[in-house]
Student: 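Okay, handing you the structure first.
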Amino acid sequence: MTKQTPLTEQILQRKKKLEVLQEKCGYPYPNDFKPDTSIAEVRNQFEEKDSEELEKSGKKFRVAGRVMAIRIFGKAAFTVIKDATGKIQLFFQKSTLGDEKYTEFKKLLDIGDIIGVEGTLFKTRTGELTINVEIFRILVKALRPLPEKWHGLSDVEVRYRQRYVDLIVNDKVKEIFLTRNRIIKLIRNFLDERGFVEVETPMMHPIPGGARARPFITHHNALDMDLYLRIAPELYLKRLVVGGFERVYELNRNFRNEGISTQHNPEFTMIEFYQAYATFEDLMDLTEEMFTYLLKEIKGTTKITYQGSEIDLTPPWERITLREAIVKYAQIPQEKISEKEYLVSKISKETDVKLSGEESIGELQTIIFEEFVEEKLINPTFVTHFPVEVSPLARRNQKDPTVTDRFELYIYGREIANAFSELNDPADQLERFKKQLEDRERGDEEVPPEIDYDYIRALEYGLPPTAGEGIGIDRLVMLLTDQPSIREVILFPLLRRKKEEEWS
RNA sequence: GGGCCGCUAGCUCAGCUGGUAGAGCAGCAGACUCUUAAUCUGCGGGUCGCAGGUUCGAAUCCUGCGCGGCUCACCA
């Protein structure tokens, strides 16, 4: 015999037990045990009852779950099992189960196995609600040991790569994803109540558009056609507004072929919604309402703590134009706000941004905003009227055509939402697409490689005056669950692939 | 892509200025009928991320590579 690693040794131990099980009861992966209640239900109903009441009822319960702890005392033992709803303690007694079953329990059961039990409730001397097991079956034999019971699993790489183990062992991780689910349901509920229709538009686009980002490229064999995973659903959703869906939303994945960080995952979840006959100002009100609703349901308050910082999300939120913001937070003198030389010199002196020299005033103002202002916007702030050059799909402001009727919502220095009154002038839209194409020719890879003429055609049929908004769901969940990294709110974040030979 | 940090038993971690590796949990054998990190006795378990180099000798020092984390850049 060659030496075994401890892991294979433990797996072999468990496989041996599996074989014994097979001899005793046939195929060891049965699927005929039906629990008649959940652990949470049992707890809710009987947690408050005393031993006497429990004993008197004598009612039997069938529950199933994963074994999380085993404590053996000779002829009796406690275990803890966990199902989707919670944990409960089980009591195994030789005198109740009989020699054979008790030995099976003692010799074949491991932490991590999934069992089904039937028994009556009682309370231990320390008052813990416990099932006195009369019947039990091993439903699934776990061949691999769970991480240590006290420290659990903390290696982040293993937590992300083997999220199933993370979820078994770290209850708080599961909580995050349950909260994520609630947030998503609440958002749907909020919009549904206001007459929005949820739709699903393509995730494979012949022309990427709707945002500024590099796309993933894929290929359809039968049509022999390259396709791009969508970077945003925007242009399709606005086509639907043209088609008469006056209030639509889509809540799903976008894909951007860019860097990975604590704020970025290549595939991420976004909601975009569009409301005809509304303006970006209406959407600021709507956004405040939506967040207030979410906070009330999830947190019970509009004041939260994120990574140690107090954030007050009680509306109304500050509304400030981008130009005002750079005056206020970047100390740009009011009279220099559109002075190219001043802006260029400020950027070159005080930041690492490398300028090409071809930037417009609006682009320079936007750079100043990003470099000096964003990080200071801790409490929720609507920054409005972004320059038209950086807002190719937004409607021009009618008093000042150099800016757009647009806002971005910042919380804790992060962009959480982006919204604008939609550009519905097909001629202006075509001009802006052409401008983008010029940028592309100058090497800007984040701009679509060709003009989406079908979108222009749709505008020519007439897009009602509309406002639309996108909210990054992952970042919102991070905020509401106080998580520092986007990977903590995405079940399976993208990681570099590991070589197969490292499988163990 | 740059910088910094990490990678030691299945898990959580020790391991000093170089002398060929240790604990707890988990596992195995045994004792134990109210524990909840149960306890007690005994035992087994390692390609120290990988590959080179320096050295009489490397988990430890050096170089390269891999994977991960943070961060900067990039990402409106």
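In the text below, chain A, chain B and the rest are named by the order of the sequence lines, each starting its count at 1. As the structure is a prediction and not an experimental result, all values here were calculated from the model.
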Student: Ignoring hydrogens and angles, are the base of B:U35 and the side chain of A:Gln89 linked by a donor-acceptor pair under 3.5 Å?
Tutor: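 A donor-acceptor contact between them is present.
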Student: Counting only heavy atoms from other residues, nucleotides and ligands, does the tally under 6.0 Å from NZ of A:Lys376 exceed 12?
Tutor: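 Yes - once you tally the heavy atoms of other residues, nucleotides and ligands closer than 6.0 Å, there are more than 12.
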Student: Answer with yes or no whether the side chains of A:Thr287 and A:Glu469 bring together a donor and an acceptor at under 3.5 Å.
Tutor: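 Yes, side-chain donor-acceptor contact under 3.5 Å.
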Student: Could you check how far CD of A:Glu148 sits from P of B:A9, rounded to whole Å?
Tutor: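 So the CD-P distance, A:Glu148 to B:A9, works out to 14 Å.
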Student: Pick base, sugar-phosphate or nothing for A:Glu258, based on heavy-atom distances below 4.0 Å to the nucleic acid.
Tutor: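 Sugar-phosphate, no base atom in range.
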Student: Contact class for A:Arg496 vs. all strands (heavy atom < 4.0 Å): base, sugar-phosphate, or nothing?
Tutor: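 Counting heavy atoms under 4.0 Å across all strands, the contact made by A:Arg496 is with sugar-phosphate only.
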Student: In whole Å, what is the span from the CD atom of A:Gln13 to the P atom of B:G44?
Tutor: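 Roughly 15 Å, once rounded to whole Å.
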Student: Determine, stepwise, if the pair A:Glu488 / A:Arg159 fulfils salt bridge (Lys or Arg N to Asp or Glu O under 4.0 Å).
Tutor: CA-CA 10 Å; A:Glu488 295 294 345; A:Arg159 287 187 44 233; 2.7 Å; yes
Student: Give a yes or no on whether A:Lys340 atom NZ has more than 12 heavy-atom contacts from other residues, nucleotides or ligands under 6.0 Å away.
Tutor: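 For A:Lys340, atom NZ is crowded (more than 12 foreign heavy atoms under 6.0 Å).
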Student: Ignoring hydrogens and geometry beyond distance, is the side chain of A:Ser154 in donor-acceptor contact with the base of B:U12 at under 3.5 Å?
Tutor: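 Between B:U12 and A:Ser154, which were checked side chain against base, a qualifying N/O pair under 3.5 Å is absent.
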Student: Pairs counted only when both distances fall under 3.5 Å, Watson-Crick or G-U: show me the 5' to 3' dot-bracket for RNA chain B, [ ] for pseudoknotted crossings and | for other-strand partners.
Tutor: (((((((..((((.....[..)))).(((((.......))))).....(((((..]....))))))))))))....
Student: Got a donor-acceptor pair under 3.5 Å from the side chain of A:His151 to the base of B:C11?
Tutor: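 Side chain to base: no pair present.
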Student: Give a yes/no on whether any side-chain N or O of A:Lys123 is located under 4.0 angstrom from OP1 or OP2 of B:U35.
Tutor: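 Indeed not, no polar side-chain atom of A:Lys123 lies that close.
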Student: Starting at atom CG of A:Leu153, determine the distance to atom C1' of B:C25, rounded to an integer number of angstrom.
Tutor: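 From A:Leu153 CG to B:C25 C1': 14 Å.
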Student: Answer yes or no: are there more than 12 heavy-atom neighbours, outside A:Glu318 itself, under 6.0 Å from its atom CD?
Tutor: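 Above 12, so yes.
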Student: Within the 4.0 Å heavy-atom criterion, would you say A:Asp352 contacts the bases, only the backbone, or no part of the nucleic acid?
Tutor: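 Answer is nothing: A:Asp352 stays at 4.0 Å or more from every strand.
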Student: Provide, to the nearest angstrom, the distance between the CG atom belonging to A:Leu495 and the P atom belonging to B:C7.
Tutor: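 Taking CG of A:Leu495 and P of B:C7, I get 19 Å after rounding.
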Student: Looking at A:Phe492, I'd like to know if the NZ or CZ of A:Arg163 sits under 6.0 Å from its six-membered ring centre while staying within 45 degrees of the ring's axis.
Tutor: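 That pair does not qualify as a cation-pi contact.
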Student: Hey, is A:Phe73 stacking on B:U33? Ring centres under 5.5 Å, planes under 30°.
Tutor: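 The ring of A:Phe73 is not stacked on B:U33.
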Student: Closer than 4.0 Å, any side-chain N/O of A:Lys107 to the OP1 or OP2 of B:G30?
Tutor: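 For B:G30, OP1 or OP2 has a side-chain N or O of A:Lys107 closer than 4.0 Å.
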Student: Do other residues, nucleotides or ligands put more than 12 heavy atoms under 6.0 Å from A:Asp50 CG?
Tutor: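 Atom CG in A:Asp50 is crowded, with more than 12 foreign heavy atoms closer than 6.0 Å.
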Student: How close or far is atom P of B:A29 from atom CD of A:Glu9, stated in whole angstroms?
Tutor: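 Taking atom P of B:A29 as the reference, CD of A:Glu9 is at 11 Å.
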Student: Is A:Gln10 side chain donor-acceptor paired with the B:A26 base, going by distance under 3.5 Å alone?
Tutor: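 Flag set: donor-acceptor pair detected.
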Student: Could you state the CD-P distance from A:Glu488 to B:C70, rounded to the nearest angstrom?
Tutor: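 Rounded to whole Å, this separation is 9 Å.
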Student: Tell me what A:Glu363 touches on the nucleic acid: a base, only sugar-phosphate, or nothing, going by heavy atoms under 4.0 Å.
Tutor: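 Nothing: the residue A:Glu363, judged by heavy atoms under 4.0 Å, touches no strand.
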Student: Between B:A51 and B:C13, how many Å separate the two P atoms, rounded to a whole number?
Tutor: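 Roughly 25 Å separates the two P atoms.
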Student: Does the ring of A:Phe372 carry A:Lys346 above it, NZ/CZ under 6.0 angstrom from centre and within 45° of its axis?
Tutor: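 Geometry flag: set, cation within 6.0 Å and 45°.
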